[in-house]
Every structure is written in C-alpha cells, then in structure tokens.
Colleague: 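One structure is given below, represented as structure tokens, and several questions about it will come after.
Note that the structure is a prediction, hence the values are computed from the model and not measured. Here is the naming used below: chain letters follow the sequence lines, and residue numbers restart at 1 for every chain.
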There are 2 protein chains.
Amino acid sequence: MKKECLQENIAQDEHFVLRDIFGLDVRPFTELHRFAAEEDILREGERPNYLYYLVSGRAKLYLTHDNGRITLINFLGAPCFLGEMELLDEEKYSDGVKAITECVCYAIRINECRERLLNDTEFLRYLCRFLSRKAVGNTANYSRNQSYPLKNRMASFILETAVNGMYRERHTEVAEYLGVTYRHLLYVIAELVQDGTLIKTESGYRIADLGKLKRLFIDFN
Amino acid sequence: MKKECLQENIAQDEHFVLRDIFGLDVRPFTELHRFAAEEDILREGERPNYLYYLVSGRAKLYLTHDNGRITLINFLGAPCFLGEMELLDEEKYSDGVKAITECVCYAIRINECRERLLNDTEFLRYLCRFLSRKAVGNTANYSRNQSYPLKNRMASFILETAVNGMYRERHTEVAEYLGVTYRHLLYVIAELVQDGTLIKTESGYRIADLGKLKRLFIDFN
DNA sequence: GTCACTGTATGAGAAATCTCATATCCGTTA
DNA sequence: TAACGGATATGAGATTTCTCATACAGTGAC
C-alpha cells in the first residue's frame with residue numbers, strides 16, 4: 001500500500017469531498033492511501049486504525065467462518081465507507097476487505113478523532129442515510145437475484161469482477177457467493193466458453209464477447 | 001389503532017426502554033400505540049408523523065412498484081425502529097408497514113422533536129449500529145436462503161407468519177417474496193398438505209404438525 | 001348481468017440445479 | 001520424495017424449479 005500522507009495537499013484541496021460529509025474538519029486526520037489490486041484494505045479480525053472512504057476503485061468484503069471457510073459477502077464500490085461498523089461497534093471485529101482494482105481511499109486516523117466523530121451529528125446522519133440506503137439497495141438486489149438463472153447472475157458477476165477484460169475469481173468462492181454448487185457453476189462457465197462469450201486462457205478467462213455478456217446482464221434487469 | 005396517549009404513564013415508567021436509546025428525554029413526545037393484526041402501521045407514500053419503536057409484535061414491510069405490483073420486502077420483529085428512514089432522508093417516501101400480529105409501539109411525535117433527534121448523538125449512534133447490524137443480518141440470512149430448497153424456506157416462512165397456528169398469506173405475494181414461481185409454491189404447499197404438515201381449511205392453512213415444520217426449519221440452518 | 005382482472009388451482013414437459021462419484025493438478029508439509 | 005488437502009474438471013442421474021396452458025371462483029366496473 002502506498003501512503004500518500006500529503007496532508008498539505010489535502011488541506012488545500014478545495015473540492016475535498018469529505019467536507020460535505022463531516023461537520024468536523026477531518027483534514028488534519030486524513031491521509032490518502034492507495035491500494036493495488038488484490039491488496040488487503042482491512043484485515044479480518046484486526047481493529048483498523050483508520051476509517052476509510054473509498055474514493056475510486058472496487059473492493060470485496062469477506063468473512064471467514066468458524067470452520068475456516070471463507071465467504072465472499074459483498075462488493076463495495078466508490079463512494080463508500082469501509083470500517084464504519086468497527087468505528088461504531090465496540091465489540092465488532094473487522095470483516096476482511098480486499099481491493100479488486102486499484103483503490104484510492106481517504107483514511108481517517110480514528111485514534112485521533114474517534115470521540116469527535118462519534119459526536120459529529122452531520123457525520124452520523126450521513127452514515128445513517130448511507131447505511132439505510134445500502135440496506136434498501138441490498139434487499140432490492142437480493143430479491144432480483146433470486147429470480148434469475150445462474151447464467152444471468154454470472155454475467156453480472158463477471159462484469160463486476162473482471163479487471164481489464166480478464167476474469168480470475170476462484171470458482172469455489174464464487175459458487176458459495178452466488179449460492180450454487182461448484183458443479184453447476186462449472187457447467188455454466190463451460191456454457192459461456194461454448195458460447196464464445198469467454199475464452200479460457202492460462203491466466204484466467206478472457207471476455208471475448210462483451211456484448212453477449214451485457215445482453216445477459218440486461219435480461220437480468 | 002388504539003392510542004394510549006397516557007404520557008403520565010410513560011413519564012413515570014422507570015424501565016422506559018427508550019431511555020437507553022436516546023440522549024434526549026423523549027417521554028414528552030411519546031405515545032403508546034397499539035395496532036391490531038393486519039392493520040397498517042405506516043401507509044405507503046405518506047410521510048409519517050411518528051417515529052415508531054416496535055416493542056412487541058411482528059410486522060411486514062411492503063413496497064408497491066411503479067406498475068402497481070405489491071412486493072413483500074421484509075419482516076420486522078421487536079425490538080425495531082419503524083419509519084427511521086423517513087426521519088433521516090428528506091426525499092424518502094415511506095414504505096408500507098403492516099402488523100402481522102398485534103403490535104405495540106412507542107410513537108414519537110417527530111414534528112415536535114425532529115431537529116433535536118437529528119442532533120442527538122446517542123440516538124444517531126444507536127441507529128447506525130442498528131442499521132449496520134440489520135444489514136449484516138440480512139446478508140447472512142440472504143446467503144443462507146439461497147442455499148435451501150423451497151420446502152425448507154417455506155417452513156421457515158410459515159413459522160414466521162402464522163398467527164395462532166393459522167397460515168393465511170397470499171400465495172402470489174409469497175411466491176414473489178420467496179423468489180419462486182406461483183406454480184412451484186403451490187406444488188410445495190400441496191406437498192406439505194400431503195405430508196400432513198398443514199391442513200387446508202376454509203379460512204387458511206392450519207399447522208397440523210408443528211414438529212415436522214420445525215424440523216424442516218432446522219435442517220435449514 | 002357481463003366483462004375484465006386477480007387469485008386460486010392443476011397438468012405436462014422442459015430447464016436449472018443438486019448430489020455423488022471420480023480424476024487430475026498443484027502447492028504444502030512431513 | 002511421498003502424502004495430503006484444496007482447486008479444478010467431467011459424467012450420470014435425481015431433484016427442484018420454471019414455462020406454458022388451461023380452468024374456475026370472486027370482485028369491482030359499467
């Protein structure tokens with residue numbers, strides 16, 4: 001991770017987006033962090049030192065079960081807070097968050113302003129709205145998902161997770177995330193390859209026919 | 001709806017639960033409302049005059065689509081806020097909430113204390129925690145759901161919605177909520193009747209074998 | 001009363017998805 | 001090096017779920 005702790009830059013940034021979110025001027029506590037694709041942003045079980053605000057990039061949210069199984073819980077796209085639960089909830093241990101593409105985040109040193117944040121009504125109101133909208137969005141998403149065959153959901157998933165036209169997720173993980181058997185996932189991927197939608201390569205699946213993929217995705221809405 | 005506006009009672013209530021949630025003493029703005037089963041608690045599209053806190057009972061959350069279709073979005077059980085989004089979000093119109101069983105709610109007259117609530121950090125923090133936990137719960141619930149056949153999900157659903165051992169939901173609605181076709185829902189209900197788990201009567205389906213239903217539900221965890 | 005509309009109901013065949021079995025490959029560890 | 005666990009692969013058959021078609025009862029509009 002590349003820390004660009006240039007607070008001078010942030011301090012002078014006229015368009016600093018967090019200004020609209022916080023009542024408190026958080027610039028003195030804010031750094032700019034850059035995570036490469038695949039890099040961990042929040043490590044599971046660790047209490048983070050920062051409250052992150054994802055400015056650009058996409059990330060995934062993980063959870064490891066008691067039995068050691070890892071589940072992909074959700075996707076996160078900018079703009080979005082990361083680690084907000086850990087800020088609010090004393091008991092809450094962090095879920096894992098990993099960058100899919102390069103991610104740029106504002107990182108607020110919560111150790112230095114936790115109390116002030118928890119008393120910043122503007123921030124708290126923003127967070128409540130953010131959380132309740134996210135909940136509504138999730139619910140809508142779920143109920144839509146349930147209603148379509150895997151091929152469509154898979155198209156959506158591939159579009160969401162591919163980087164530079166390459167899809168390289170773990171089949172086992174994805175099967176769990178999408179709630180289907182590993183076997184079935186392979187069937188459907190094989191179908192997409194058969195279709196000419198994907199091409200299997202050494203290093204992953206290359207999107208060969210973006211139009212086809214998008215059409216599947218659209219039928220899905 | 002029976003309003004029991006006995007603020008004297010509330011004012012004297014030593015164990016008033018909202019005391020732990022709000023920094024502000026909301027007792028002067030709080031009434032006790034009682035809704036019968038099937039009664040509307042929040043009417044869709046209307047801006048509610050109260051922020052409700054469900055003390056006991058179960059309710060369901062509805063949404064009407066542009067095309068007029070009604071979808072059952074979710075279930076709500078005590079303790080739970082109702083109408084919190086509408087308090088926070090200016091633009092947000094209310095979803096519909098309808099009582100399943102008799103519901104007892106504290107009803108806070110937001111017109112009289114909206115500003116103060118939106119500046120009550122204790123309340124806002126509580127609400128953030130509540131929302132984020134709800135989101136986590138939903139996600140967990142959702143991913144579990146995906147993985148089980150309708151018979152199990154149906155058992156869970158019947159246990160959740162039955163009142164006094166009678167199940168009377170609309171099949172069309174339920175099919176939509178559970179994300180299956182109407183046809184398939186009927187198949188599975190027929191199976192449960194075949195089983196001897198349910199008995200079809202004039203006024204709905206009677207739970208004939210609670211044990212069987214619970215076993216289906218348990219296999220589902 | 002008739003017409004549309006919605007909910008309920010049932011059948012038949014097709015598609016989606018699951019279960020179980022088996023095999024290979026790869027990286028880790030003993 | 002051998003053994004092992006995890007990920008990838010593929011086949012066969014069973015189960016779940018969907019699509020389409022059809023029918024009947026209730027309700028509100030006209």
Side-chain angles (χ1 to χ4, degrees), chain A residues 38 62 64-65 67-72 142-158 161 166-195 198-206 216 219-220, chain B residues 38 62 64-65 67-72 143-158 161 166-195 197-206 216 219-220:
Chain A
E38 298 297 303
Y62 278 97
T64 302
H65 297 175
N67 55 24
R69 270 213 120 56
I70 295 175
T71 309
L72 176 50
Y142 295 161
S143 49
R144 244 193 26 229
N145 267 14
Q146 278 188 315
S147 315
Y148 290 84
L150 182 59
K151 199 167 180 181
N152 299 94
R153 283 184 283 149
M154 196 62 198
S156 150
F157 184 83
I158 291 170
T161 53
M166 289 296 290
Y167 171 78
R168 324 159 174 267
E169 300 300 314
R170 287 218 132 104
H171 296 336
T172 43
E173 238 171 64
V174 175
E176 202 170 351
Y177 174 65
L178 294 177
V180 298
T181 46
Y182 176 71
R183 185 67 192 86
H184 189 50
L185 184 73
L186 288 192
Y187 270 133
V188 170
I189 289 178
E191 222 178 310
L192 289 171
V193 171
Q194 200 64 30
D195 273 349
L198 296 181
I199 293 172
K200 187 171 178 171
T201 74
E202 282 283 306
S203 59
Y205 294 81
R206 154 161 287 107
L216 280 170
D219 294 343
F220 167 74
Chain B
E38 297 297 303
Y62 279 98
T64 303
H65 298 173
N67 56 24
R69 273 217 121 55
I70 296 175
T71 309
L72 175 50
S143 50
R144 242 189 32 225
N145 267 14
Q146 276 189 316
S147 316
Y148 290 85
L150 183 59
K151 199 167 181 183
N152 299 94
R153 285 184 282 151
M154 196 61 198
S156 152
F157 184 82
I158 292 170
T161 54
M166 288 297 288
Y167 171 78
R168 319 160 177 269
E169 300 301 315
R170 289 220 135 105
H171 296 336
T172 43
E173 233 170 70
V174 174
E176 202 169 351
Y177 175 65
L178 294 177
V180 297
T181 45
Y182 178 71
R183 185 68 193 86
H184 188 51
L185 184 73
L186 288 190
Y187 270 132
V188 170
I189 290 178
E191 222 178 308
L192 289 171
V193 171
Q194 200 63 29
D195 273 347
T197 311
L198 297 180
I199 294 171
K200 187 172 179 173
T201 74
E202 282 283 306
S203 58
Y205 294 81
R206 157 160 286 108
L216 281 170
D219 292 343
F220 167 73

Colleague: Nearest to the side chain of A:Arg170, heavy atoms from C-beta on, is which of C:dA9, D:dA7, D:dT17?
Modeller: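 Nearest to the side chain of A:Arg170 among the choices is D:dA7.
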
Colleague: The side chain of B:Tyr187 lies closest to which of these nucleotides: C:dT8, D:dT8, C:dA12?
Modeller: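 Given the options C:dT8, D:dT8, C:dA12, the side chain of B:Tyr187 is closest to C:dA12.
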
Colleague: Between B:Glu176 (CD) and C:dG7 (P), how many Å, whole number?
Modeller: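 My rounded result for the distance is 10 Å.
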
Colleague: Applying salt bridge (Lys or Arg N to Asp or Glu O under 4.0 Å), can you list everything that pairs with B:Glu173, at least two apart in sequence or on another chain?
Modeller: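 B:Glu173 satisfies salt bridge (Lys or Arg N to Asp or Glu O under 4.0 Å) with no other residue.
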
Colleague: Quick one: are A:Lys151 and A:Asp195 in side-chain contact, heavy atoms under 4.5 Å?
Modeller: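 Yes - at least one pair of side-chain heavy atoms lies under 4.5 Å apart.
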
Colleague: List the steps and the verdict of side chain to side chain contact (heavy atoms under 4.5 Å, CB included) for A:Leu192 and A:Tyr167.
Modeller: CA-CA 12 Å; A:Leu192 289 171; A:Tyr167 171 78; over 6 Å; no

Colleague: Starting at CG of B:Leu192 and ending at C1' of C:dA9, how long is that distance when rounded to a whole Å?
Modeller: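 Roughly 16 Å, once rounded to whole Å.
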
Colleague: Of the nucleotides D:dC18, D:dA9, C:dA16, which has the atom closest to the A:Tyr182 side chain?
Modeller: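 Selected nucleotide: D:dA9.
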
Colleague: Does C:dT8 have OP1 or OP2 under 4.0 Å away from a side-chain N or O of B:Thr172?
Modeller: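 For C:dT8, OP1/OP2 do have a side-chain N/O of B:Thr172 under 4.0 Å.
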
Colleague: Which nucleotide in the set D:dT16, D:dT8, C:dT10 lies at the smallest distance from any side-chain heavy atom of B:Pro149?
Modeller: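 Selected nucleotide (nearest to the side chain): D:dT16.
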
Colleague: Looking only at N and O atoms, is any donor in the side chain of B:Arg183 or the base of C:dG11 less than 3.5 Å from an acceptor on the other one?
Modeller: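 Yes.
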
Colleague: A:Thr181 side chain: which of D:dC18, C:dC18, C:dT17 is closest?
Modeller: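 Closest of the options to the side chain of A:Thr181: C:dC18.
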
Colleague: Calculate the interatomic distance between A:Lys200 atom NZ and D:dT10 atom P; express it in whole Å.
Modeller: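 In whole Å, D:dT10 P and A:Lys200 NZ are 6 Å from each other.
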
Colleague: How close or far is atom P of D:dC18 from atom CG of B:Leu178, stated in whole angstroms?
Modeller: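 The distance from CG of B:Leu178 to P of D:dC18 comes to 11 Å, rounded to the nearest Å.
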
Colleague: What residues, two or more places apart in sequence or in another chain, satisfy side-chain contact (heavy atoms from CB on, under 4.5 Å) together with B:Ser203?
Modeller: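 B:Ser203 satisfies side-chain contact (heavy atoms from CB on, under 4.5 Å) with B:Met166, B:Arg168, B:Thr201 once adjacent residues are dropped.
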
Colleague: Once you apply a heavy-atom cut-off of 4.0 Å, does B:His184 come out as touching a base, just sugar-phosphate, or nothing?
Modeller: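 Touches a base.
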
Colleague: With side chain to side chain contact (heavy atoms under 4.5 Å, CB included) as the criterion, how do A:Glu169 and A:Ile158 come out once you've worked through the C-alpha distance, each side chain's angles and the decisive distance to 0.1 Å?
Modeller: CA-CA 9 Å; A:Glu169 300 300 314; A:Ile158 291 170; over 6 Å; no

Colleague: A:Lys151 has an atom NZ; how far is it from atom P of C:dA14, in whole Å?
Modeller: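 In whole Å, C:dA14 P lies 19 Å from A:Lys151 NZ.
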
Colleague: Starting from P on C:dA15, measure out to CD on A:Glu191 and report it in whole angstrom.
Modeller: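 Computing the A:Glu191:CD to C:dA15:P distance gives 11 Å.
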
Colleague: Using whole Å, report how far CG of A:Leu186 lies from P of C:dA23.
Modeller: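 Spelled out: CG on A:Leu186 to P on C:dA23 is 18 Å.
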
Colleague: Rounded to the Å, how far apart are B:Arg153 CZ and C:dC18 C1'?
Modeller: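 So the two atoms are 14 Å apart, to the nearest Å.
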
